[in-house]
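This one's a predicted model, so the numbers in the text were calculated from it and none came from an experiment. One-based numbering, in listed order, for ligands and for the atoms of each. FYI, the numbering just counts along the sequence from 1.
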Amino acid sequence: MRIPIDSSSTAPLYRQIQDFLRDQISQGLLEPGAKLPSTRRLAKDLGISRITVKNAYLNLESEGLITSWEGSGTYVMVPIHSTTVSSSDQIPSWPAWQRAFESDDHPESQEDNRGPEPVDMISFTGVGDSQEYPILEFTRALKAVIRRQGEQAFNYGAFDGGYLPLRATLAQILASQGVKAPPENVLITSGSQQALSLICQTLLNPGDVVIVEKPTYNLALDLFRALNLKIVGVPLDEEGMQVDRLETILNKYSPRLIYTIPNFQNPSGVCLSGTRRRQLANLADRFNVPIVEDDFVGDLRYDGRALPAVKALDPGGRVIYIGTFSKMLMPGLRMGYLVAEGPVYAQLVKAKRVRDLTSSPLLQRTLYEFVTVGRYQMHLRRSIKRYRKRRDAVLAAITEFLPEVHAIRPSGGLFVWAALPEGYSSRQLLPLALEQGTEYAPGDIFFPYPAKGLRYLRLNFATQSEETIREGIQRLAAAFSRMAV
Ligand SMILES: Cc1ncc(COP(=O)(O)O)c(C=O)c1O
């Protein structure tokens with residue numbers, strides 16, 4: 001079979017193969033029941049590794065387009081709806097108002113758009129280890145809530161800041177970190193992404209300038225872009241945002257918001273130093289600019305002492321703090337929160353109400369139950385122990401197999417941020433890494449201007465065992481050595 005593949009393209013080879021075959025199937029050029037070449041044969045024909053072809057086949061299989069029969073081969077499936085038209089056939093029939101959206105896409109920031117993961121891929125993307133999610137314990141809490149409070153739990157509840165006992169528990173947890181917030185200042189949101197989105201939509205207008213660390217969380221960048229905000233980046237080093245550069249930027253751009261991730265920053269893993277936290281809070285106050293402090297993973301600390309939250313340095317109403325249970329518990333809960341004082345709090349509650357009325361009362365109550373019986377703390381302790389070893393494993397493997405790569409040692413969180421030698425691009429390395437059976441988040445997606453991040457890559461070490469991490473870094477080293485020649 002002849003499949004046009006372009007090894008200079010940024011699209012990984014397995015994606016090129018699967019896209020080509022998908023098109024052939026949807027256009028009827030490969031008919032239901034047609035036999036595909038074996039992975040060995042196709043790999044040989046195309047002069048690529050067998051694992052690449054296998055990965056493409058596995059993905060098409062999970063899309064329901066092909067099927068493999070042990071000992072017989074791989075075949076194109078009979079479509080479930082045989083009248084389904086191909087996506088290319090559909091386009092002309094979209095109404096005009098739909099066609100206006102066709103090109104409105106920002107693929108550069110997508111890190112998780114590669115479809116289902118091939119089975120033997122060692123992935124350094126993602127968040128926590130889903131195999132360790134406390135599903136049984138959470139189910140027990142869920143059942144207890146349904147048994148005891150089913151009627152209230154399945155009702156809307158008040159359209160206010162959320163389930164008050166959960167907000168009170170969060171206030172207690174935050175107090176132990178120096179953030180003094182009465183439950184009345186806590187608003188439960190659908191993940192911290194919604195918290196950030198509500199803040200931006202309440203405080204900002206299109207064209208306003210928002211200050212971010214450079215690099216920063218890619219989906220915050222996407223949100224800011226979607227709201228037509230101007231993004232200005234402040235470089236960071238191993239002590240976090242270089243706050244000494246901030247005053248000039250504040251003078252020059254008159255920003256309307258500063259977005260910071262002071263603990264185990266995404267993607268760099270660094271923490272903002274205590275001195276800089278105080279400088280940042282002072283500067284923002286002097287220039288009358290609100291700070292959003294995104295503490296997405298602050299409880300996952302592996303060494304050293306916790307630093308005071310920027311919010312803990314706020315005499316009141318200057319800093320809006322956002323947190324989440326996504327990384328320290330399970331992202332599918334979509335449980336996050338924000339803490340804000342002053343008139344803005346009521347505006348944020350209103351913004352939440354008009355957007356989705358309330359976060360699930362059932363899950364809020366279950367989370368409350370789960371946290372108050374001590375299961376959350378237990379899970380956290382287990383995760384810290386496990387992830388600390390994984391952090392050490394990834395750093396050790398980089399030192400052993402990729403000595404050319406500079407990696408920052410994080411004292412907590414989920415990510416190691418690594419730099420390839422000058423002149424190398426992590427975008428070009430990615431297809432080679434995928435061929436070797438490993439993947440990571442390329443650094444450019446974390447920069448307001450992607451070209452700045454080409455040397456970097458972000459490795460999530462939390463999702464794999466220590467042995468698998470070692471194997472994954474060896475695969476990455478093999479990919480790198482192919483690039484280096
Ligand atoms: C820094 C940071 N903030 C916020 C979020 C949003 O998470 P969620 O909406 O699941 O709470 C993420 C998710 O990856 C993140 O990395």
Side-chain angles (χ1 to χ4, degrees), residues 109-113 123-130 133 162 166 170 173 186-201 210-227 231 233 236 240-241 257-272 291-301 309-311 319-339 348 352 355-356 359-360 363-364 367 376 383 387 410 412-417 440-441 443 445-448 458-463:
S109 251
Q110 300 296 315
E111 51 175 313
D112 288 325
N113 61 352
S123 176
F124 292 108
T125 66
V127 280
D129 185 349
S130 53
Y133 288 162
L166 176 62
L170 284 168
I173 296 175
V186 178
L187 167 62
I188 306 292
T189 56
S190 176
S192 48
Q193 187 75 22
Q194 185 185 48
L196 184 58
S197 167
L198 295 176
I199 295 165
C200 290
Q201 291 175 63
V210 55
I211 301 280
V212 301
E213 284 135 6
K214 197 169 64 177
T216 191
Y217 167 46
N218 55 319
L219 288 173
L221 289 174
D222 277 358
L223 171 67
F224 302 148
R225 290 182 186 119
L227 296 174
I231 306 168
L236 56 69
M241 184 195 286
L257 189 77
I258 299 171
Y259 170 68
T260 179
I261 312 171
N263 292 324
F264 320 125
Q265 203 249 11
N266 184 2
S268 66
V270 302
C271 287
L272 188 64
I291 294 177
V292 174
E293 174 175 24
D294 182 348
D295 195 13
F296 77 119
V297 78
D299 285 345
L300 279 181
R301 173 170 284 281
V310 182
K311 179 80 190 144
V319 179
I320 303 179
Y321 178 97
I322 67 180
T324 177
F325 284 91
S326 287
K327 320 294 156 162
M328 290 164 296
L329 193 52
M330 302 183 276
L333 293 174
R334 307 308 302 127
M335 281 288 143
Y337 53 94
L338 63 79
V339 180
L348 291 165
K352 164 81 180 163
R355 284 182 177 85
D356 71 351
S359 292
S360 158
L363 288 181
Q364 290 189 63
L367 182 58
Y376 171 63
S383 304
Y387 294 167
L414 307 167
F415 309 122
V416 162
W417 183 240
Y440 53 81
I445 63 173
F446 303 103
F447 283 77
R458 191 195 69 182
L459 297 161
N460 178 334
F461 51 81
T463 57

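- For Met335, the heavy-atom gap to ligand 1 stays at 4.0 angstrom or more.
- Looking only at distances, no side-chain donor or acceptor of Gln364 sits under 3.5 Å from a matching main-chain atom of Ile188.
- Judged purely by atom type and a 3.5 angstrom limit, Asn266 has no side-chain atom pairing as donor or acceptor with the backbone of Tyr217.
- Less than 4.0 angstrom separates some heavy atom of Arg334 from each of these atoms of ligand 1: 8 (P), 9 (O), 10 (O).
- Remark: ligand 1 atoms within the under-4.0 Å shell around heavy atoms of Thr324 are 8 (P), 11 (O).
- Relative orientation of the Phe296 and Phe415 rings is parallel, given thresholds of 30° and 60° on the angle between their planes.
- In this structure a side-chain-to-backbone donor-acceptor pair under 3.5 Å is present from Asn460 to Val127.
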Next item on the list: May I have the step-by-step check of ring pair (Phe, Tyr, Trp, His ring centres under 6.0 Å) for Phe224 and Tyr259, ending in yes or no?
Entry: CA-CA 10 Å; Phe224 302 148; Tyr259 170 68; 5.7 Å; yes
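- Scanning all protein heavy atoms for the shortest distance to atom 14 (O) of ligand 1 gives Lys327 NZ, 2.3 Å.
- Using modelled atom types, one finds no donor on one side chain facing an acceptor on the other under 3.5 Å when comparing Arg355 with Gln194.
- Atoms of ligand 1 lying under 4.0 Å from at least one heavy atom of Asp294, given by number and element, are 1 (C), 2 (C), 3 (N), 4 (C).
- Shortest contact from atom 16 (O) of ligand 1 to any protein heavy atom: Asn266 ND2, 2.8 Å.
- Annotation for ligand 1: atoms under 4.0 Å from non-hydrogen atoms of Ser326 are 8 (P), 10 (O), 11 (O).
- Between Ser192 and ligand 1, an N or O atom pair is found at a separation short of 3.5 Å.
- Distance check, rounded to the nearest 0.5 Å: SG of Cys200 to CG of Leu223 gives 5.0 Å.
- Using a distance-only test at 3.5 Å, with no hydrogens or angles considered, no donor-acceptor pair links the side chain of Glu213 to the main chain of Leu236.
- Residue Gln194 has no nitrogen or oxygen atom sitting less than 3.5 Å from a nitrogen or oxygen atom of ligand 1, judged on distance alone.
- Ligand-side atoms of ligand 1 in range of Ile261: 1 (C), range being under 4.0 angstrom from any heavy atom.
- Not a single heavy atom of Gln265 sits under 4.0 Å from any atom of ligand 1.
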